[in-house]
Protein chains: 2
Amino acid sequence: MTSQGGTRQPKYQRIADALRTAIQAGEYGPGDRLPGENDLMATYEVARMTARQALGVLQNEGLAEARKGAGVFVRAFKPLRRRGIERLAREQWGAGRSIWSEESEERELVVDQIDVREEEADGRVCDALDVPAGTRVWARSRRFVLDGKPVLFALSHLPSDIVADSAVTQVDTGPGGTYARLAELGFAPVHFREEIRSRMPSADEAERLSLAMGTPVIHIVRTAFAQGGRVVEVNEMTLDSASYVLEYDFDA
Amino acid sequence: MTSQGGTRQPKYQRIADALRTAIQAGEYGPGDRLPGENDLMATYEVARMTARQALGVLQNEGLAEARKGAGVFVRAFKPLRRRGIERLAREQWGAGRSIWSEESEERELVVDQIDVREEEADGRVCDALDVPAGTRVWARSRRFVLDGKPVLFALSHLPSDIVADSAVTQVDTGPGGTYARLAELGFAPVHFREEIRSRMPSADEAERLSLAMGTPVIHIVRTAFAQGGRVVEVNEMTLDSASYVLEYDFDA
DNA sequence: AAGTGGTCTAGACCACAAT
DNA sequence: TTGTGGTCTAGACCACTTC
């Protein structure tokens with residue numbers, strides 16, 4: 001009687017299925033506590049590791065979240081809407097508004113872990129910026145924390161020969177941000193390309209974004225082009241997938 | 001000596017870190033076999049479940065893939081590039097080309113699990129289509145398999161009062177596909193909105209797309225608008241995140 | 001203090017893949 | 001046939017949260 005008792009499915013999957021069904025039926029709402037390891041051991045007559053494995057399935061699916069010493073809870077989602085195209089319209093940053101003001105209405109946005117430095121671009125960045133190997137660039141990295149929850153980490157690279165003497169090299173880039181400064185320097189971005197990937201986070205990323213198990217990250221690489229086609233910025237963003245829905249609006 | 005021996009990290013994490021470092025250093029390339037459970041038990045002097053847990057970490061990160069009876073292997077990635085905006089330009093489907101011909105150059109594309117039926121739209125679909133509850137709609141679902149690997153599952157809904165007597169209700173929609181037929185009916189899409197989310201797959205989705213552990217799905221909901229703003233199609237797509245990079249190109 | 005999840009051990013049988 | 005990963009048991013100690 002070690003494994004299946006006539007059925008094809010492993011015990012831990014059957015237990016996970018039962019819990020998942022209960023969640024979807026609304027028996028457990030967002031934030032509710034699920035039956036714990038001890039409960040499952042008793043009701044299903046299985047060993048600790050088996051009950052654990054069942055709860056692990058739900059966590060890996062992103063449906064549940066374990067809190068040490070407290071229990072396993074149904075996760076709640078309330079993602080931000082990020083309008084990929086509107087938010088970069090010239091009027092937005094031209095008017096001195098932050099690109100962030102719209103999507104963080106009524107919520108407390110903190111930008112921390114800010115780091116601004118000049119360095120020699122590595123191969124990957126040179127490729128993206130379309131500059132020769134070893135070119136000097138400014139690197140700006142920062143983390144966005146919304147209502148106490150880290151939601152995004154951004155790493156931006158700009159060629160030094162363009163931004164060297166501007167506020168882009170400062171922690172505070174001033175009204176309208178980096179793109180307003182680039183415009184003043186005669187390198188206003190006129191075209192953008194965003195590449196989107198999704199994958200599971202590294203342990204490092206999971207920590208920086210306080211990600212629960214079973215939470216992928218969305219990776220966006222935005223390339224900004226000035227008139228004439230020169231690349232003026234490459235911005236790599238890593239987002240908590242549970243905190244975002246991306247939106248792109250365009251004509252046929 | 002049950003858990004840590006002076007260090008803060010769990011053993012299984014240290015083992016996983018060592019393997020991850022080795023992979024990133026190129027000691028194990030894509031497709032290579034990693035040390036198995038028995039190897040790890042011997043070299044790190046741990047129990048089976050601990051070695052197992054270490055390998056589980058890498059699988060959940062999407063870096064490795066277990067093949068029963070064979071071993072654990074480093075995963076390989078070669079994503080398709082999906083150009084979100086260009087691919088929907090009027091010229092593409094207006095000229096009778098399939099929207100798919102571009103991105104599947106030189107590769108064998110099979111469309112299977114095709115299902116076309118009329119039904120009463122549920123609340124979620126009514127909402128998305130902007131029609132009253134209970135409206136009749138045509139539902140088209142199909143799966144795309146590229147070189148033997150399922151990469152995408154699509155479920156499209158269109159209002160019956162628009163498409164009822166057209167080839168949209170047939171398995172084969174004819175040259176140019178659904179959008180060409182809509183154009184002939186006087187409801188050519190002129191505007192699109194794509195909403196993008198990422199999450200871990202349900203067990204069902206994982207099976208339909210043959211997803212390895214640690215592989216998120218990308219969920220795209222595309223809404224097509226005709227002149228005047230009427231919603232003519234809502235298409236929900238579920239993509240294997242390991243098979244895709246999405247690209248959006250637009251002007252400031 | 002009691003209960004929870006996190007880690008770990010040392011066994012076991014199974015289905016499957018490679019040889 | 002041998003080795004692999006998949007499942008499962010029955011214990012154990014720990015750190016943490018809640019009361």
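Below, chain A is the first sequence line, B the second, and so on; all start at residue 1.
Shown here for A:Met213 and A:Arg75, the closest heavy-atom pair between the two residues is O-NH1, 3.5 Å. Nearest heavy atom pair, residue B:Leu209 against residue B:Leu239, reads CD1-C, 4.3 Å.
Nearest to the side-chain atoms of A:Ala47 among the listed nucleotides C:dG6, D:dT9, D:dG5 stands D:dT9. Nearest nucleotide to the side chain of B:Lys11, out of C:dC8, D:dT9, D:dG11: C:dC8. Among the nucleotides D:dC8, C:dG5, D:dG6, the one closest to any side-chain atom of A:Pro10 is D:dC8. The side chain of A:Asn38 has C:dT4 as its nearest neighbour among C:dT4, C:dG6, D:dG5. In the set D:dT18, C:dC8, D:dC16, C:dC8 carries the atom at the smallest distance from any side-chain atom of A:Met49. You'll find that the side chain of B:Val46 is closest to C:dT9, out of C:dG11, C:dT9, C:dG6.
For the OP1/OP2 pair of C:dC8 and a distance below 4.0 Å, the side-chain nitrogens and oxygens of B:Tyr12 include no atom meeting the criterion. The side chain of A:Arg33 contributes an N or O atom lying less than 4.0 Å from OP1 or OP2 of C:dT4. At least one side-chain nitrogen or oxygen of B:Thr50 sits closer than 4.0 Å to the OP1 or OP2 atom of C:dT9.
Look at CD on B:Glu37: it is 15 Å from P on D:dG3, rounded to the nearest Å. Straight-line distance from the CZ atom of A:Phe73 to the C1' atom of C:dG3: 12 Å, rounded to whole Å. For the pair A:Gln53 CD and C:dG6 P, the computed distance is 14 Å after rounding to whole Å. Rounded to an integer number of Å, the gap from OH of A:Tyr44 to C1' of D:dT9 is 19 Å. Rounded to whole Å, the distance from CZ on A:Arg52 to C1' on D:dG11 is 15 Å. When the P atom of C:dT7 is taken as reference, atom NZ of A:Lys68 falls 8 Å away, rounded to whole Å. At whole-Å resolution of the value, CD in A:Gln13 and C1' in D:dT7 are 11 Å apart. Atom C1' of nucleotide C:dC8 and atom CZ of B:Arg14 are separated by 16 Å, given to the nearest angstrom.
Atom CD of A:Glu118 sits in a crowded spot, with more than 12 heavy atoms from other residues, nucleotides or ligands closer than 6.0 Å.
Side chains of A:Ser202 and B:Arg20: a donor-acceptor N/O pair is absent below 3.5 angstrom, by distance only.
Looking at B:Ser241, its side chain does come within 3.5 Å of a backbone N or O of B:Pro216 through a donor-acceptor pair.
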